[in-house]
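These notes concern the structure reproduced below.
Atoms within each ligand, like the ligands themselves, are counted from 1 in listed order. This is a predicted model, so every value here is computed, not measured.
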Amino acid sequence: MKSADLLLLGASQVVTLDGGRAAAKRGADEMNDLRVITDGGVAVRRGKIVDVGTTNHITSTWRGLKRIHCRGRTILPGFVDAHTHPVFARARENEFAMRCRGKDYEEILAAGGGIHASARAVREAELDTLVAGVSARLDRMLVHGTVAAEAKSGYGLTTESELKSLRAIRRAAARHPMTVARTFLGAHVVPEEYTRDRKGYVELVIKEMLPRVAKQKLAAFCDVFVERGAFSVPEARAILLAGRRLGLRPKVHADQFRDRGGARLAAEVKAISVEHADATRRSGMRALAEAGVIPVLLPSASLFTGLKHVPNARALIAEGCAVALATDFNPGTSPTENLLLVASLGCSLLQMTPEEVVTAITRNAAAATGLADSHGRIAAGRPAHLVVLDAPSYEHLPYRMGTNLVWRVLIDGQLVADRGRVVRSPTR
Ligand code: NIG
Ligand code: FE
């Protein structure tokens, strides 16, 4: 018998998402292939998975100090939220109410609300206040099974406030068990004081913000919102290429309300991912597939803004893309940290299969976040980032729309969440 620190036993399914060499699973065949072990277990030693197999195999091979009896529950890789905006200082429930009464999202933005309203609040906020906000949001992600997330700045829109936002993410993440990848989104919109000098703002982003972000190693990715009311394709290209020269990988918020060529730009600059892609036309989809750019679809944002545009997941998958799903957690268009709900919307709004949505919040989301080596699948040698679902099969995950089915969450083999509560370790 070999010895392990922890054995998880008696799971009705272990959904491994293993197999294949590429970081992400592309197209329908791969995305529907979850590699499930029935009546399974996992052995963990020093925070790493050392074996995965049937409960019989695990109990006859390993002696474990601790055991978790899963009693017919389902083990999945910890979820990865590939797109979030968690640094803001004030909720925007007032704008939601205005939209319910008939106002349009873009009208509110053009009138100085929306992202501009968030920017006013973030500029005034102390770093500590922002850190507390981010920490609380990471906690809510964690109890919903999210073990890693991408997190953007983008509500500062001045050099100091953008740096402050990225520092807030870094500080909150340093004290939190989740892994958090930071994205600089200084080019979210042109701030109000630059309305008559767009060129001046693009220059500020390129010449002042990006070099400081890179020098202080505050972000791994650079994102730009390409949309009417935000940035044009040529402006975005200049910013993304400047970021790339400084070592920041491009991401693009593209085609949320109309196709302005953002997806094609993402392919051209070899972005790791393209976000939203609600209105992307077929030619853009083909370009994404050819360039291996991962579309990160955000159905909760489509739903929350009134379903005027819904991404065509079926066409993207048919083109051979590796589709991911994320919450787009933000105060304007998607105030939810619940990735299980997003998976559910992936099925009901985007016609994805339960297998595809599970792939889209685990392995493909990890690839879109630059975490393919450590997250998104269950296999020997990988860190033990695991979710145990209080249900007998993964099909319950999208089926139970909005319900938190997460029983326990483990990061590096340590219990970090238990039935909706964060478990704090004494060292953190
Ligand atoms: O991803 N599209 C741009 N940014 C966010 C929304 C920002 C906001 O309204 O605060 C999004 O939907
Ligand atoms: Fe977003």
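The environment of Arg167 atom CZ is dense: over 12 non-hydrogen atoms of other residues, nucleotides or ligands sit within 6.0 angstrom. Within a 6.0 Å radius of CD in Glu126, no more than 12 heavy atoms belonging to other residues, nucleotides or ligands are found. Around CZ of Phe257, the count of heavy atoms belonging to other residues, nucleotides or ligands within 6.0 Å exceeds 12. By the neighbour-count criterion of 12 heavy atoms within 6.0 Å, atom CZ of Arg400 is sparsely surrounded, having that number or fewer from other residues, nucleotides or ligands. Within a 6.0 Å radius of CZ in Arg258, more than 12 heavy atoms belonging to other residues, nucleotides or ligands are found.
The distance from the Fe ion (ligand 2) to the nearest N/O/S atom of His276 is not under 2.8 Å.
Counting only N and O atoms by type, the side chains of Asp139 and His176 include a donor and acceptor under 3.5 Å apart.
The name of the N, O or S atom in Asp328 nearest to the Fe ion (ligand 2) is OD1.
Relative to the six-membered ring of Phe88, Arg137 meets both conditions, a distance below 6.0 Å and an angle of at most 45° to the axis.
The angle that His253 NE2 and His85 NE2 make at the Fe ion (ligand 2), rounded to 10°, works out to 100°.
Near ligand 1, residues His83, His85, Arg92, Tyr105, Ile115, Tyr155, His188, Phe225, His253, Gln256, His276, Asp328, Asn330, Gly332, Thr333 each place a heavy atom inside the 4.0 Å sphere around the ligand atoms.
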